[in-house]
Amino acid sequence: MSKTAIIVLALLLAGGAQAAPRGETEGLREVKAFTLENAAQLVAGSKRLRDAVADYAAIIEANSDDYEAAWSADGAKLAEAVTRIRTTWLAASDSYENIEGIVAGVPSLVKYDLILDAGNPAGAEADVAPYDLGLPDGTVLQRPGSLFHTITEPLYWGGDTGNARAEVDLDGDGTIEPGEVLFETNLALGAAEGLVKWSGKLAADIEAWQPSRDDAFTAVVTMTPTVGDYFGEWKESQFLGGDEAAFVARSRLVDVIDIMSGCERMYRAAVAPVVKSDDPALDASISSGFEELLALVRETRAREESGARFSPEEADALGADAQDIAERIVAQVLQAAARSGVDIRG
């Protein structure tokens, strides 16, 4: 074969392999760097939470594990300790919510979303968190549900009434409001240690992760249409008069903004370069859809933050509008995926 023929053949083979555009390659690197950065913050935040819980538990232990006596002796310290735990929890949770739209959409990472944030306890029909939780006293909880929203949030904010040990006036206003409790230390310590363990495992797997075009498309297609479910959780939360023990630390809409922003980031960085190279108009339409979706969620949250009260019916209507936008986005991304030969993985 002549030298010219070899060069022509090499060019043909390169074209058939559909090498990733430079923008796509850089975008995948950007997504991984962003995910790694937030995972590192999650690990650090989980360790700070573990330390805060250990300080709280030490006060209880110093009073012979008598919660009422501990409050009588060291009420101010305990109130400060609970505030620190809650503040630290929120920061750690933020670090995860920033990347949930990516982690929960990537098949090799999705188990961590179930363990950390979204998994159900044993007995649920689907999406059971695939881990067991060991506690300091040797108890092992079998498939107890997600660490953030099934265990620690209800525990630290008093929604887990079975593990509340004393009702106390945490804020010192003279009235004991719902959620003002001292909580059981054994579960608190075990769950905090569990967050350290599993956030560390997530960070290690993200470090080893080699993001691909299939990953990027799959994440966008999988996670964007979950927005309707999140609005449903918001409707059932105590922010709208519900009685759910989860999503009490702050409005679920804050998490929705973070999650959908992660979906948009994945699209703009890693998927848009592929779509735009083939169909700029389609890319513009998808990008516009994400802008519309995030504007709806942000506007709703801004109204809530400024004092607006939403009825369940209004929450349903807003959720339906968000879901319609999300499904339109997904239909267009699937169209682009089919053109590019992308394998959407479940």
Side-chain angles (χ1 to χ4, degrees), residues 44-97 117 146-193 195 233-258 301-310:
S46 296
K47 290 177 179 177
R48 286 191 291 270
L49 177 61
R50 178 183 61 188
D51 293 344
V53 172
D55 290 345
Y56 165 86
I59 299 172
I60 302 295
E61 184 180 5
N63 287 274
S64 303
D65 292 327
D66 184 326
Y67 293 80
E68 296 282 2
W71 180 254
S72 296
D74 292 303
K77 288 182 180 179
L78 281 170
E80 182 181 349
V82 171
T83 297
R84 180 182 164 208
I85 287 168
R86 291 176 174 180
T87 301
T88 309
W89 184 96
L90 283 167
S93 178
D94 273 340
S95 297
Y96 181 71
E97 297 295 347
D117 190 85
S146 72
L147 285 160
F148 274 124
H149 295 303
T150 305
I151 301 175
T152 55
E153 184 181 21
L155 182 66
Y156 301 156
W157 272 267
D160 180 1
T161 56
N163 285 294
R165 293 295 179 261
E167 295 183 342
V168 297
D169 183 14
L170 286 173
D171 61 9
D173 67 353
T175 304
I176 298 177
E177 300 289 345
E180 289 192 294
V181 302
L182 299 180
F183 44 82
E184 202 270 339
T185 58
N186 188 49
L187 179 58
L189 288 164
E193 191 64 52
L195 280 169
E233 291 167 346
W234 176 56
K235 184 185 79 169
E236 299 297 328
S237 74
Q238 294 180 30
F239 281 81
L240 269 71
D243 57 3
E244 288 293 315
F247 312 120
V248 296
R250 63 184 170 198
S251 172
R252 186 59 164 153
L253 293 179
V254 176
D255 299 334
V256 181
I257 292 170
D258 288 342
R301 172 55 185 158
R303 289 171 58 198
E304 179 185 54
E305 202 168 15
S306 45
R309 298 297 298 266
F310 296 89

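- Taking every heavy atom of both residues into account, T150 and P154 meet most closely at O-CG, 3.5 Å.
- Contact of the F310 side chain with the R303 side chain is registered, since non-hydrogen atoms from C-beta on lie closer than 4.5 Å.
- Residues T175 and D169 are not in side-chain contact: their nearest non-hydrogen atoms beyond the backbone lie 4.5 Å or more apart.
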Legend entry - Trace of the side-chain contact (heavy atoms from CB on, under 4.5 Å) decision for W157 with V181: CA-CA 8 Å; W157 272 267; V181 302; over 6 Å; no
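- In terms of heavy atoms, A92 sits closest to S46 at CB-N, 4.3 Å.
- Rounding to the nearest 0.5 angstrom, the gap separating the OG atom in S93 from the NE2 atom in H149 is 4.5 Å.
- Between T88 and V53 there is no side-chain heavy-atom pair separated by less than 4.5 Å.
- Within the model, atoms CG of L49 and CZ of R86 stand 12.5 Å from one another, a figure rounded to the nearest 0.5 Å.
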Inset, instruction - Could you walk me through whether R50 and L195 pass side-chain contact (heavy atoms from CB on, under 4.5 Å), step by step? - result: CA-CA 8 Å; R50 178 183 61 188; L195 280 169; over 6 Å; no
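- L90 has its side chain within reach of R250: a pair of non-hydrogen atoms, C-beta onward, lies under 4.5 Å apart.
- With contacts defined as side-chain heavy-atom distances shorter than 4.5 Å, the pair W234/E304 qualifies.
- With respect to the salt-bridge test (charged N to carboxylate O, under 4.0 angstrom), the residues D55 and K77 do not qualify.
- Note: L155 CG to N163 CG = 6.0 Å, rounded to the nearest 0.5 Å.
- Looking at Y96 and D258, their side chains never come closer than 4.5 Å, going by heavy atoms from C-beta outward.
- In this structure, T185 and E61 have side chains that are not in contact, with every pair of non-hydrogen atoms separated by 4.5 Å or more.
- Here the closest heavy-atom approach between residue A191 and residue L147 is recorded as O-CD2, 3.8 Å.
- Remark: E167 pairs with no residue by the salt bridge (charged side-chain N to carboxylate O under 4.0 Å, His left out) rule, at least two apart or across chains.
- The ring of F183 has its center no closer than 6.0 angstrom to the ring center of Y67.
- By the 4.0 Å N-to-carboxylate-O rule, R48 lies too far from D51 to be salt-bridged with it.
- For the pair D255 (side chain) and S251 (backbone), a donor-acceptor distance under 3.5 Å is absent.
- Taking the charged nitrogens against the carboxylate oxygens, R165 and D65 have no contact shorter than 4.0 Å, which rules out a salt bridge.
- Within the 4.5 Å cutoff, the side chain of D160 has no heavy atoms near those of the E153 side chain.
- To the nearest 0.5 Å, the span separating CG on L170 from CH2 on W71 amounts to 5.0 Å.
- Counting only distance, with no hydrogens or angles, the side chain of E236 and the backbone of E233 share no donor-acceptor pair below 3.5 Å.
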Legend entry - Derivation of the side-chain contact (heavy atoms from CB on, under 4.5 Å) call for D117 and E97: CA-CA 9 Å; D117 190 85; E97 297 295 347; 2.9 Å; yes
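- For the atom pair CG of L189 and OH of Y56, the computed distance is 9.5 Å after rounding to the nearest 0.5 Å.
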